[in-house]
Peer 1: 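Quick one: structure below, then a few questions.
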Amino acid sequence: APKQTIICTFSVLSVAARADFKARNCSEVRDACIAKGFRFAHVPLQEIPGDHLRVCPQGNTCCTQEMEDSFGQQSKQDFENLVDETSHELRSTFVSRHKKFDEFFLELLENTERSLNEMFVRTYGKPYMQNSEVFQNLFAELKRYYTGGNVNLEEMLNDFWSRLLERMFTLLNSQYIITEDYLECISKYTDQLKPFGDVPRKLKAQVTRAFIAARTFVQGLSVGREVAHRVSKVKFSTPACIRALTKMLYCPFCQGMPAVKPCKNYCLNVMKGCLANQADLDPEWNQYIDAMLLVAQRLEGPFNIESVMEPIDVKISEAIMNMQENSAQVSYRVFQGCGQPKPSGMSRSTRGVSDVFNARFRPYSPEERPTTAAGTSLDRLRIVWSAMQHSVVDIKEKLKLSKKFWSSLPDEMCVEGRLTAGDASDEQCWNGHTKGRYFPEVQKDGLTNQVNNPEVGVDITRPDTFIRQQIMALRVMTNKLKNAYNGNDIYFQDSSDEGSGSGSGSGCTEACTTDMDLTATEAPIVEADRSGPVGDSATLPAPSVALPTMLALSALALHRQWR
C-alpha cells in the first residue's frame, strides 16, 4: 500500500507539472530567435523538461539541445563583435594618426630635398650637378633612417661633412690631381682641421634629436595601432568564458524571458573574467602612452619655426665663410700631413671654378632673408608645420583618453542599453538563474583578481601567451620612446634588447642588411673635433649653400613649437 501511494503521488505531481508546461508557451522565444537570425529546426511551442541542457538551468525550458549549442556559438561571436565595436575608435585613432604623421615627415624630407636641388641647379648649374650626389646621399640616408633602415645618424652626418670637405678641397685646389687615396688621407685630418667650425657638432645634435624623435614617435603610433588591433580581435575565448557568456546572454531565452537583460554587476563579473588577460595590458599600456606624450613634446618644442630657422641658417653661413677664409691654411695643413699632390697642369681659372664660385657668402639679417625658391619652399613647409602642430595637440588629447583603456573595457561593454538592464540594484534583470537582483560583489581587474570570480572559471596560473607578447612589444617600444625623448637611439646601443615591433622605424637592429648604395659613406668616419678651426683664405665651392636648406628639414622635424 505505501508503494502504491508513492506512485500515485508522483503521477499527480507529473500531471500538475505537465499542466504548468501548457500554461507557459514559448512563442515569445520563437519570435526573438527569428528576430536575431536563428534558424532552428525546432523551437518548442511550450516549455519542456530541460534535462538535456548543459549550461542553462535544467528546469522547465523553451530550449532544445540544438538551441543551446547554437547560443554558445553565437555568444562567442557576440562577444568578439562587442570587443571589436568597443575598441573601434581607439584603433581608428591610431591608424589615422600614424598615417598622417608618417605622410608629414616624408613630405618634409621630399620638399626640402626638392627645394635644395632646384635652388642649386638654378644658382650653381654644372658644378653643383657634378657634386649633387653628396646631398642626394644625405637625404637618401635620412629617409632610410626614418623609414627604419640601419643608419647610424651621427656617423652618417660625420661622413656627409667629410664628403663635403673632400669636394670643396678638390675644387679649391683644382691645380692639383687629387686622388682617392689622397681624399682618404684628408678624412683623417678632419677633426684637427675643423674647416666648418663648430657647426657640424651642433647640427649633429639637432638633426639626430629631430629624427630620433620623429622616427620613434611614428613607430610608437604603429606599435599602438598593431597592439590595439591584435588584442581587440579576440579569437581565443576560453570554454569557461563562452559558457559564462551563453548563460548571461541566452539562458533568458530558455527561461522564456528573451527580453530580460543581464544585471550590470553580473555582466561586469563575466567580462572581467573573460577579459582578465587584456586588463593586464593596462600597466604597460599606460607607461607606453606616457612615453608617447613625452616624445610628442619634442615634436612641439619651445620655439616656433622662424626662431629656429634664423639662427641655424646664419650659423651655416658662418660655417661656409669659415671654410672659404681658411681654405689656404686648410690646404697647407693637408699638404703637410698628406704630402704635396701632383700638379694637374691647369689653373683654377682655366677650369672655370673661380668664375662659377666668385660670390662669397655672408651672414644676413632677418630683413635680408632670401626670396629664392628655398624661401618659398620654407613658407610652404611652415604652413604644413602649422597644421602639424594642431595634429600634435590632437594626438596628445587622444592618447590621454586612451589610458586605462583595457581595464575599463568591461565597463564600456556593460553600459546600460548596450548589454545590461541598467542600475545594479534592478530587480528586473537576469542574474544568471532567474529575474531578480544580482548579489555577488564585482571582482577587481586583471588575471590574479579572478581567483574567486563567481561567473567565470579562470586559471590564474596560466597567463595568455599572446597577451604577454603584446605586453613585451609595448615594453620594448616604451624603452625606445624614453630613450628618444633623451635624444638617444637605442638601435645603436644594445640591439639585443630589440624585441618585437612594427611600422616605420621598427624591427631593424645592427644586424640588418640593406641594398642601398652607400658609395657616399665608404670613407672613414671622423668625429668632429671640438677645438676651434684653423685660419686661412680662398674661395669656397657653392655646394655648401645647400646646407641652410638641408637644415630646414632637420630644424622643422626637430624642435620647436608653432606660435
Side-chain angles (χ1 to χ4, degrees), residues 20 23-38 43-44 47 50 53-63 67-68 70-83 85-86 234 237-238 240-276 278-279 407-445 449-450 452-458:
D20 188 44
R24 297 170 59 187
N25 70 55
C26 299
S27 59
E28 190 180 346
V29 174
R30 180 194 298 270
D31 293 341
C33 288
I34 293 172
K36 286 190 71 71
F38 289 107
V43 176
E47 288 184 321
L53 299 179
R54 290 169 295 189
V55 177
C56 297
Q58 290 189 327
N60 302 343
T61 184
C62 284
C63 286
M67 291 171 68
E68 190 184 52
S70 293
F71 288 153
Q73 296 168 16
Q74 188 59 43
S75 64
K76 180 178 184 295
Q77 186 64 51
D78 288 349
F79 176 63
E80 292 174 358
N81 291 343
L82 197 56
V83 173
E85 175 191 330
T86 309
V234 186
S237 307
T238 62
C241 172
I242 295 171
R243 184 181 179 89
L245 289 165
T246 306
K247 184 178 176 185
M248 180 179 78
L249 298 173
Y250 289 104
C251 285
F253 283 64
C254 298
Q255 294 295 94
M257 300 180 288
V260 177
K261 290 188 173 183
C263 303
K264 184 169 184 179
N265 285 358
Y266 174 34
C267 176
L268 286 172
N269 274 340
V270 171
M271 293 306 178
K272 284 175 185 281
C274 287
L275 296 168
Q278 283 83 341
S407 61
S408 64
L409 203 50
D411 294 276
E412 290 297 318
M413 296 170 73
C414 291
V415 293
E416 182 180 356
R418 173 177 278 167
L419 212 59
T420 64
D423 192 276
S425 63
D426 193 347
E427 301 280 356
Q428 302 301 309
C429 55
W430 173 251
N431 63 17
H433 304 283
T434 186
K435 184 163 69 173
R437 178 179 287 192
Y438 181 78
F439 289 100
E441 65 176 304
V442 177
Q443 303 301 295
K444 293 180 179 179
D445 301 311
N449 288 316
Q450 305 313 308
N452 294 316
N453 191 309
E455 308 306 333
V456 188
V458 182

Peer 1: Does the side chain of Lys261 reach to within under 4.5 Å of the side chain of Cys429, using non-hydrogen atoms?
Peer 2: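 A side-chain contact under 4.5 Å is absent here.
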Peer 1: Testing the 3.5 Å rule here: is there a donor-acceptor pair between the side chains of Tyr438 and Glu455?
Peer 2: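 Side-chain D/A pair, Tyr438 to Glu455: present.
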Peer 1: Of the non-hydrogen atoms in Ala240 and Gly457, which two are nearest, and what is the gap between them?
Peer 2: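 Looks like CB-O, 3.3 Å.
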Peer 1: Could you pull out all residues at least two apart from Asn431 that satisfy side-chain hydrogen bond (donor to acceptor under 3.5 Å, both in side chains)?
Peer 2: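 Here no residue qualifies.
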Peer 1: What distance separates Cys414 SG from Asn269 CG, expressed to the nearest 0.5 Å?
Peer 2: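 If I round to the nearest 0.5 Å, the distance is 9.0 Å.
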Peer 1: Decide yes or no for Lys272 and Asp445: does some side-chain heavy atom of the first lie under 4.5 Å from some side-chain heavy atom of the second?
Peer 2: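 A side-chain contact exists here, since the closest heavy-atom pair is under 4.5 Å.
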Peer 1: Using 0.5 Å steps for rounding, measure from the NZ atom of Lys444 to the CD atom of Gln450.
Peer 2: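 Result: 11.5 Å between the selected atoms.
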Peer 1: Quick one: are Leu275 and Val83 in side-chain contact, heavy atoms under 4.5 Å?
Peer 2: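 When only atoms from C-beta onward are counted, Val83 and Leu275 do touch, with a gap below 4.5 Å.
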Peer 1: Kindly indicate whether the side chain of His433, heavy atoms from C-beta on, has any atom under 4.5 Å from the side chain of Lys247.
Peer 2: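 The answer is yes; the side chains approach within 4.5 Å.
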Peer 1: Hey, does Met248 have a side-chain heavy atom less than 4.5 Å from the side chain of Phe79?
Peer 2: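 Heavy-atom side-chain distance check fails, nothing below 4.5 Å.
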Peer 1: Could you tell me whether the SG atom of Cys254 lies less than 2.5 angstrom from the SG atom of Cys56?
Peer 2: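 Cys254 does not pair with Cys56 as a disulfide (SG atoms not under 2.5 Å apart), so no.
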Peer 1: With no hydrogens and no angle check, is any side-chain donor or acceptor of Glu68 less than 3.5 Å from a backbone partner on Val55?
Peer 2: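 Looks like yes, one N/O pair under 3.5 Å.
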Peer 1: Would you confirm whether Trp430, through its side chain, and Tyr266, through its main-chain N or O, come within 3.5 Å as a donor-acceptor pair?
Peer 2: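 Flag not set: sc Trp430 to bb Tyr266 has no pair under 3.5 Å.
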Peer 1: Nearest heavy-atom pair of Thr61 and Gly50: which atoms, and what distance?
Peer 2: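 Answer, listing the atom of Thr61 first, then Gly50: CG2-CA, 3.5 Å.
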Peer 1: Could you state the interatomic distance from CD1 (Ile242) to CD (Gln74), rounded to the nearest 0.5 Å?
Peer 2: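 Nearest 0.5 Å value for the CD1-CD distance: 12.0 Å.
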Peer 1: Could you walk me through whether Cys62 and Val43 satisfy the side chain to side chain contact (heavy atoms under 4.5 Å, CB included) test, starting with their C-alpha distance in whole Å, then the side-chain angles of each, then the deciding distance to 0.1 Å, before giving a yes or no?
Peer 2: CA-CA 7 Å; Cys62 284; Val43 176; 5.8 Å; no
Peer 1: For the residue pair Met67 and Val29, establish whether any side-chain heavy-atom pair is separated by less than 4.5 Å.
Peer 2: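 SC-SC contact between Met67 and Val29 confirmed.
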Peer 1: Quick check: closest heavy atoms across Phe253 and Ala32, and the distance to 0.1 Å?
Peer 2: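 Result for this residue pair: CE2-CB, 3.7 Å.
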Peer 1: In a check of side-chain contact (heavy atoms from CB on, under 4.5 Å) between Met271 and each of Val456, Leu419, Asp411, which one passes?
Peer 2: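 Single side-chain contact (heavy atoms from CB on, under 4.5 Å) partner of Met271 among Val456, Leu419, Asp411: Leu419.
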Peer 1: Please report the interatomic distance CZ(Arg54) to OG1(Thr246), rounded to the nearest 0.5 Å.
Peer 2: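 If we round to the nearest 0.5 Å, Arg54:CZ and Thr246:OG1 are 10.5 Å apart.
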Peer 1: Please round to the nearest 0.5 Å and tell me the distance separating atom CG of Asp78 and atom CE of Met413.
Peer 2: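 Asp78 atom CG to Met413 atom CE measures 10.0 Å (nearest 0.5 Å).
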Peer 1: Consider only side-chain N and O atoms of Gln77 and Asn81, and report whether a donor and an acceptor are under 3.5 Å apart.
Peer 2: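 Side chains of Gln77 and Asn81: pair found under 3.5 Å.
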Peer 1: Holding to side-chain hydrogen bond (donor to acceptor under 3.5 Å, both in side chains), I want the full list of residues that pass it with Ser407, two or more places apart in sequence or in another chain.
Peer 2: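 Counting only residues at least two positions away or on another chain, Ser407 forms a side-chain hydrogen bond (donor to acceptor under 3.5 Å, both in side chains) with Asp282.
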Peer 1: Quick one: sort the Tyr250 and Phe71 rings into parallel, tilted or perpendicular, breaks at 30° and 60°.
Peer 2: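 Ring orientation of Tyr250 relative to Phe71: parallel.
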Peer 1: Is Cys263 close to Thr420 at the side-chain level, that is, under 4.5 Å between some pair of heavy atoms?
Peer 2: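 A side-chain contact under 4.5 Å is absent here.
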Peer 1: Would you say that Leu409 contacts Thr86 through its side chain, given a criterion of any heavy-atom pair below 4.5 Å between the two side chains?
Peer 2: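 Leu409 vs Thr86: side chains touch.
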Peer 1: Can a donor-acceptor pair be found, under 3.5 Å and without considering hydrogens, that links the side chain of Asn453 to the backbone of Val458?
Peer 2: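 No, the answer is negative, given that no donor and acceptor are paired below the 3.5 Å cut-off.
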Peer 1: Could you go step by step and tell me if Gln443 and Asn449 meet the side chain to side chain contact (heavy atoms under 4.5 Å, CB included) rule?
Peer 2: CA-CA 7 Å; Gln443 303 301 295; Asn449 288 316; 5.6 Å; no
Peer 1: So, Asn265 side chain and Glu441 main chain: donor-acceptor pair closer than 3.5 Å or not?
Peer 2: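 Side chain of Asn265 to backbone of Glu441: no pair is present.
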Peer 1: Please name the pair of heavy atoms, one in Cys63 and one in Leu53, separated by the smallest distance, quoted to 0.1 Å.
Peer 2: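 Heavy atoms only, the tightest pair is O-CD2, 4.0 Å.
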